[in-house]
Amino acid sequence: MSGSSAGSTCSLHSHGLTINPLDLWNPLPPPRTCKKAAVWTTEEEGTLLDFLASHLSQASNGNFKKVTWNATAAHMAHNYPPGPDNGNKTAELCEQKFKALKKSYYTIANLKSVASGFAYDDKHGAMILLDNANLWDQYVKVMYQAHKDAKPFRNSGFPHFISIELLLPSHGQGQFI
């Protein structure tokens, strides 16, 4: 009898179950281990961009290699150690954050262009007031597919515009290019 109960205990453990010592017939689910989400502050984003700027020579066409992302993650962990309210900023998360910041950069570049019809300020955003709220709503909602990413910048700026611009390869523009 002891041989068969030992076999069932082993079987339960092999399926990731924990045995409740008070009730051998109802195993408990395994304890959950949740990683803390990485929360980025504006200061941390600036540190990320500054580190990438110092390693710009390692970029190829505006893209950094895996070794640079690993060094970036180590730099972020050294300067901003993970805490109870903030997870570890891994190489993958650093790369994803940079991609998100580039996406915001291109959205802002579009807002700053003459074609958008908005005055944009890096500190205050598009500065939408009552007199131009309808134009903004049309820009964001009616043309939703093209300008959906502009919504957060209605009255909120993007402090990293110039930093990201320095990290991107220059693209020629003009009639003869």
Side-chain angles (χ1 to χ4, degrees), residues 35-129 132-133 135-177:
K35 291 183 179 179
K36 294 285 182 189
V39 178
W40 292 82
T41 65
T42 304
E43 180 184 345
E44 290 171 332
E45 291 171 347
T47 300
L48 169 78
L49 295 173
D50 289 344
F51 183 82
L52 292 175
S54 70
H55 291 79
L56 190 57
S57 63
Q58 299 170 0
S60 170
N61 199 23
N63 298 312
F64 293 93
K65 296 180 181 180
K66 185 71 175 168
V67 67
T68 305
W69 291 119
N70 289 334
T72 305
H75 178 74
M76 294 304 294
H78 175 70
N79 289 305
Y80 302 98
D85 296 330
N86 196 359
N88 190 21
K89 291 172 178 67
T90 63
E92 292 78 20
L93 290 177
C94 290
E95 185 175 10
Q96 288 173 6
K97 176 49 79 172
F98 181 61
K99 286 179 181 179
L101 290 170
K102 282 196 315 187
K103 186 175 182 181
S104 294
Y105 167 84
Y106 288 118
T107 298
I108 299 304
N110 191 29
L111 272 173
K112 285 183 171 188
S113 72
V114 178
S116 71
F118 298 107
Y120 182 85
D121 178 273
D122 287 333
K123 186 175 182 181
H124 300 102
M127 297 178 282
I128 304 302
L129 304 171
N132 59 354
L135 180 62
W136 177 261
D137 290 342
Q138 184 178 8
Y139 180 78
V140 173
K141 292 178 183 170
V142 174
M143 297 183 262
Y144 189 71
Q145 289 305 101
H147 306 292
K148 65 182 177 185
D149 297 325
K151 193 172 185 176
F153 302 108
R154 176 182 173 132
N155 289 318
S156 178
F158 184 64
H160 304 302
F161 187 83
I162 293 172
S163 297
I164 294 173
E165 190 170 48
L166 296 173
L167 292 170
L168 299 177
S170 61
H171 297 286
Q173 295 180 347
Q175 182 179 1
F176 301 107
I177 295 178

Heavy-atom count check: over 12 atoms from other residues, nucleotides or ligands less than 6.0 Å from Leu56 CG? yes
Mind checking whether Phe98 and Phe64 have parallel, tilted or perpendicular rings, split at 30° and 60°? perpendicular
Inter-residue atom distance [X].[atom1] - [Y].[atom2], 0.5 Å rounding:
| X | Y | atom1 | atom2 | value |
| --- | --- | --- | --- | --- |
| Asn63 | Gln58 | CG | CD | 13.5 Å |
| Leu48 | Asn79 | CG | CG | 11.5 Å |
| His55 | Asp50 | NE2 | CG | 12.0 Å |
| Phe158 | Ser163 | CZ | OG | 9.0 Å |
| Leu167 | Leu52 | CG | CG | 6.0 Å |
| Lys97 | Trp69 | NZ | CH2 | 12.0 Å |

Minimum heavy-atom separation for Ala73 and Ala91, please, with both atom names. CB-N, 3.4 Å
Residue pair Trp40 / Cys94: nearest heavy atoms and the distance that separates them: CH2-SG, 3.9 Å
With side chains defined as the heavy atoms from C-beta onward, is the minimum distance between [X] and [Y] less than 4.5 Å?
| X | Y | answer |
| --- | --- | --- |
| Lys89 | Glu44 | yes |
| His160 | Lys102 | no |
| Asn88 | Leu93 | no |

Decide, yes or no, whether a salt bridge links Glu95 with Lys65 under the criterion of side-chain N to carboxylate O below 4.0 Å. no
